[in-house]
Amino acid sequence: MAAQSLPLLPSGPVASISDAVARMQAIEAALPPRDGLACFNRMYRIVTETVKAEVAQGFFADPAFMEHLDVVFANLYLGAVDGFCSEPSTACRAWNVLFSRRSDTSVLPMQFALAGMNAHINHDLALAVVTACTDLGTAPESGSHDADFDKVNRLLGALDAQIRQSFESGLFLELDRRAAAGLENLAGNFGIDAARETAWINAQALWHLKDISFIYKQYLDGMDRTAAFASRALMIPLG
């Protein structure tokens, strides 16, 4: 199924978590709720709003690092959206799987959200850690970065019910028991904690490979291919 072009959206990198939330709100307002990109964007906005609040409340030992990491992380997603809007063929494989099927009505909203989460964690997160560390003159192993990174898992766990509720309004009413069970199994099999743990390991590997350009690029390409493969599996129709 050919993807519909995206509407004209605000573009360019953001400079703060507040700006990132505002951009996600603009994307949400521009797309129908059932759109595949909108499904992930809604989930990501909820998470980003929570991280923003926890940064302000001192939840993290190094809030400056975590704030910068969150902005860099968001910009990788927003940059993928910008790239697809202007030149779809430039989108990385991991994101293109979602973007190219965002109008496919055989894929459930939660499947789109999981595919976006997969692309963002398994492709973008390690790169965001390396970029944030480079920007701030630090390293993944330094200070409280590892511990603060793990604290995000606690936030995501606490948000699980809220995120599910945002998708269940009308969604499960449309599903027969077989599809609902398949969706629950799919969601259960995608382990966020495990994906984030792998992303941290990949970040450490990339950090130590960043001065070996060829191998660094090959490693990134492998991450992209693996994430794209997982996204395709996450969007297999369940009906």
Engineer: Measuring from atom OG1 of T131 to atom CG of L76, what distance do you get when rounded to the nearest 0.5 angstrom?
Structural biologist: 6.5 Å
Engineer: Would you sort out whether V129 and F149 count as a side chain to side chain contact (heavy atoms under 4.5 Å, CB included), showing the intermediate values?
Structural biologist: CA-CA 10 Å; V129 171; F149 185 90; 4.1 Å; yes
Engineer: Looking at C39 and A113, what are the two nearest heavy atoms and their distance?
Structural biologist: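 That closest heavy-atom pairing would be O-CB, 3.9 Å.
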Engineer: Measure up the Y77 and Y44 rings against each other and bin them: parallel (under 30°), tilted (30 to 60°), perpendicular (over 60°).
Structural biologist: perpendicular
Engineer: Quick check: closest heavy atoms across R102 and L31, and the distance to 0.1 Å?
Structural biologist: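 Minimum heavy-atom contact is NH2-CD2, 3.9 Å.
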Engineer: Can you tell me how far CE of M110 sits from CG of L234, rounded to the nearest 0.5 angstrom?
Structural biologist: 12.0 Å
Engineer: Quick check: do L156 and V47 have side-chain heavy atoms less than 4.5 Å from each other?
Structural biologist: yes
Engineer: Could you report the tightest heavy-atom contact between D148 and D62, atom names first, then the distance?
Structural biologist: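 That closest heavy-atom pairing would be OD2-N, 2.9 Å.
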Engineer: Kindly check if the number of other-residue, nucleotide or ligand heavy atoms within 6.0 Å of CD (Q25) is above 12?
Structural biologist: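 Atom CD in Q25 is packed in, count exceeds 12.
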Engineer: Side-chain donor-acceptor pair under 3.5 Å between D211 and Y216, yes or no?
Structural biologist: no
Engineer: To the nearest 0.5 Å, tell me how far C92 SG sits from F99 CZ.
Structural biologist: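 Going from SG on C92 over to CZ on F99, the span is 7.5 Å.
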Engineer: Do you know which two heavy atoms are closest between F84 and N96, and how far apart they sit?
Structural biologist: CE1-OD1, 3.7 Å
Engineer: What pair of heavy atoms forms the shortest contact from A205 to Y219, and how long is it?
Structural biologist: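 Heavy atoms only, the tightest pair is CB-OH, 3.6 Å.
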Engineer: Using a 4.5 Å cut-off on heavy atoms from C-beta on, say whether the side chain of L78 contacts that of R23.
Structural biologist: yes
Engineer: Run the salt bridge (charged side-chain N to carboxylate O under 4.0 Å, His left out) test on D221 and R225 for me, step by step, so that the C-alpha distance in whole Å, both residues' side-chain angles and the decisive distance to 0.1 Å come before the verdict.
Structural biologist: CA-CA 6 Å; D221 185 67; R225 290 177 182 274; 2.9 Å; yes
Engineer: Supply the atom-to-atom distance T50 OG1 to I17 CD1, rounded to the nearest 0.5 angstrom.
Structural biologist: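 Answer for the OG1-CD1 pair, T50 versus I17, is 11.0 Å.
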Engineer: Centroid separation under 6.0 Å, is that true for the rings of F112 and F40?
Structural biologist: no
Engineer: The test is side chain to side chain contact (heavy atoms under 4.5 Å, CB included); show your working for R101 and V107 and say whether it passes.
Structural biologist: CA-CA 8 Å; R101 294 187 61 190; V107 181; 3.2 Å; yes
Engineer: Does the side chain of S231 pick up a donor-acceptor pair with the side chain of N118 at under 3.5 Å?
Structural biologist: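 Per modelled atom types, S231 and N118 side chains form a pair under 3.5 Å.
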Engineer: Heavy atoms only: give me the nearest R42-P33 pair and the separation to one decimal.
Structural biologist: NH1-O, 3.6 Å
